[in-house]
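The structure appears right after this line, and notes come after that.
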There are 2 protein chains.
Amino acid sequence: MGRDSLTERELDIMSVLWRNGSGTVSEVREDLADEPGYTTVLKILQILEEKGAIRHETEGRAYRYYPLVAPEEEGGRALTKILDKIFHGSAELMLARLVSDAEISPDQIERMRLLLEDAASRAEEEDR
Amino acid sequence: MGRDSLTERELDIMSVLWRNGSGTVSEVREDLADEPGYTTVLKILQILEEKGAIRHETEGRAYRYYPLVAPEEEGGRALTKILDKIFHGSAELMLARLVSDAEISPDQIERMRLLLEDAASRAEEEDR
DNA sequence: TCCTGTCTACGACAACTTTCGTACACGGGG
DNA sequence: CCCCGTGTACGAAAGTTGTCGTAGACAGGA
């Protein structure tokens with residue numbers, strides 16, 4: 001299972017698999033910004049499989065790898081870690097930083113606002 | 001400067017320094033959940049100093065360490081990384097996961113919503 | 001003065017990560 | 001049948017991280 005946290009390189013590769021749904025060694029390699037050696041990519045895929053983050057099926061003479069861990073799951077872990085260790089539990093401070101740092105479209109901001117509205121009203125619901 | 005990203009242990013220690021403002025080796029050590037050996041903590045502090053994330057002043061016979069990198073700065077880096085690599089740029093998906101995963105008080109949700117309202121109206125302002 | 005406790009400096013060492021070289025399998029074309 | 005291209009398997013090697021043992025400085029009390 002996805003207990004062990006992912007290293008930098010492993011995350012790079014998971015990112016490709018999440019984006020594309022699956023990938024062979026060559027496909028993944030081509031999508032990496034710096035295109036490491038073929039066997040390097042293979043090695044990391046094998047490690048990820050060992051860690052239980054992905055699995056493979058045979059496709060012709062090659063392997064096709066599929067994510068077993070959902071990005072939201074890994075993202076949740078990463079976010080709570082940052083929230084605790086860097087922002088000491090202040091989700092607003094964290095959100096403020098996100099809004100100021102990342103380039104987020106007004107459109108997206110609006111949808112995020114609606115999301116929070118929903119969350120708020122759902123919490124109210126629960127109160128009764 | 002704070003270019004190199006922080007490892008797990010380094011982040012643990014930065015977290016203590018951010019929370020307390022500063023700390024000696026012993027102080028930091030006492031605040032770590034698992035209290036590693038004294039020299040272990042010292043070593044990581046020396047590495048953090050080498051990386052430019054902290055500095056020290058002499059205090060009596062001991063050193064007192066101070067953060068040089070602000071938590072928001074490090075947090076911004078970490079958040080954009082997660083946004084890009086895990087949520088592929090979708091800040092809403094990321095926020096949704098945060099809200100569902102971390103325990104956030106209704107109070108905090110409301111303040112976050114206001115924050116987004118402000119951000120939205122400021123963006124509108126800019127349009128004119 | 002000498003011992004003891006508290007501190008930093010230095011370096012060893014194991015574990016893990018990342019990289020890749022080399023070997024081996026195997027199907028298809030000549 | 002033999003070779004070539006495209007795969008995986010295996011393991012070496014270098015770099016990084018995390019841990020700590022040991023040494024040495026130094027102040028304060030007996």
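Naming: A, B, ... by sequence-line order, numbering from 1 per chain. Computed over heavy atoms, backbone and side chain alike; hydrogens, waters and symmetry mates excluded.
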Considering just the side-chain nitrogens and oxygens of [X], establish if one lies under 4.0 Å of OP1 or OP2 belonging to [N].
{"X": "B:Y38", "N": "C:dT8", "result": "yes"}
{"X": "A:Y63", "N": "D:dA9", "result": "yes"}
{"X": "B:T40", "N": "D:dG18", "result": "no"}

Query raised in the report: Can you name the salt bridge (Lys or Arg N to Asp or Glu O under 4.0 Å) partners of A:K85, sequence neighbours left out?
Result: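 Result, salt bridge (Lys or Arg N to Asp or Glu O under 4.0 Å) vs A:K85: B:E8, B:D12.
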Query raised in the report: How long is the line joining CG of A:L11 and P of C:dT18, in whole Å?
Result: 10 Å
Requested in this report: Grab the CZ-P distance between B:R64 and C:dT6 for me, whole Å please.
Outcome: 17 Å
Report task. Say whether, by atom type as modelled, one donor and one acceptor occur between the side chain of A:T80 and the main chain of A:R77 under 3.5 angstrom. Result ->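 Answer holds: yes.
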If you look only at distance, which donor and acceptor atoms sit under 3.5 Å apart when one is on a side chain in residues 96-106 of chain B and the other is two or more places apart or in another chain?
{"from": "B:R97", "atom 1": "NE", "to": "A:E72", "atom 2": "O", "distance (Å)": "3.1"}
{"from": "B:R97", "atom 1": "NE", "to": "B:D101", "atom 2": "OD1", "distance (Å)": "3.1"}
{"from": "B:R97", "atom 1": "NH2", "to": "B:D101", "atom 2": "OD1", "distance (Å)": "3.3"}
{"from": "B:S100", "atom 1": "OG", "to": "B:R97", "atom 2": "O", "distance (Å)": "3.2"}
{"from": "B:S105", "atom 1": "OG", "to": "B:Q108", "atom 2": "N", "distance (Å)": "3.1"}

**Report entry** Polar side chain donor-acceptor pair, B:R64 to B:S22, under 3.5 angstrom
**Finding:**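 Distance-only check passes for B:R64 and B:S22.
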Query raised in the report: With sequence neighbours excluded, what pairs up with A:R29 under the side chain to side chain donor-acceptor pair (under 3.5 Å) test?
Result: none
Report task. Just jot down the side chain to side chain donor-acceptor pair (under 3.5 Å) partners of B:E35, sequence neighbours excluded, or say none. Result -> none
Please list, chain by chain and in numerical order, all residues satisfying side chain to side chain contact (heavy atoms under 4.5 Å, CB included) with [X], sequence neighbours excluded.
{"X": "B:R61", "value": "none"}
{"X": "A:P67", "value": "A:M14, A:L17, A:W18"}
{"X": "B:L114", "value": "B:E110, B:E117"}

Query - the helix from C:dT1-D:dA30 to C:dG30-D:dC1: angle between end helix axes, five pairs per end, rounded to 10 degrees - result: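 For the helix from C:dT1-D:dA30 to C:dG30-D:dC1, the axes at either end differ by 30°.
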Report summary line: With sugar-phosphate taken as primed atoms, P, OP1 and OP2 and all else as base, the protein-contact string of nucleotides 10-16 of chain C at under 4.0 Å (heavy atoms; B, S, -) is -B-----
Query - Protein-to-nucleotide contact annotation, 5' to 3' order, nucleotides 25-30 of chain D [B base; S sugar-phosphate only; - none; under 4.0 Å, heavy atom] - result: BBS---
Report task. Please name the pair of heavy atoms, one in A:L48 and one in A:I13, separated by the smallest distance, quoted to 0.1 Å. Result ->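 Nearest heavy atoms, A:L48 then A:I13: CD1-CG2, 3.8 Å.
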Report summary line: Here the gap from A:I86 atom CD1 to B:R19 atom CZ, rounded to the nearest 0.5 Å, amounts to 12.5 Å
Query - Atom pair CG (A:L6) and CD (A:E74), whose distance is rounded to the nearest 0.5 Å - result: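 Answer for the CG-CD pair, A:L6 versus A:E74, is 4.0 Å.
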Requested in this report: Pull out every residue in residues 21-29 of chain A that has a heavy atom closer than 4.0 Å to any atom of DNA chain C, ordered by number, or say none.
Outcome: none
Which donor-acceptor pairs under 3.5 Å do side chains of residues 37-47 of chain A form with protein atoms, sequence neighbours excluded?
none

Query raised in the report: With a 4.0 Å cut-off on heavy atoms, is A:I47 in touch with a base, just the backbone sugar-phosphate, or nothing at all?
Result: base
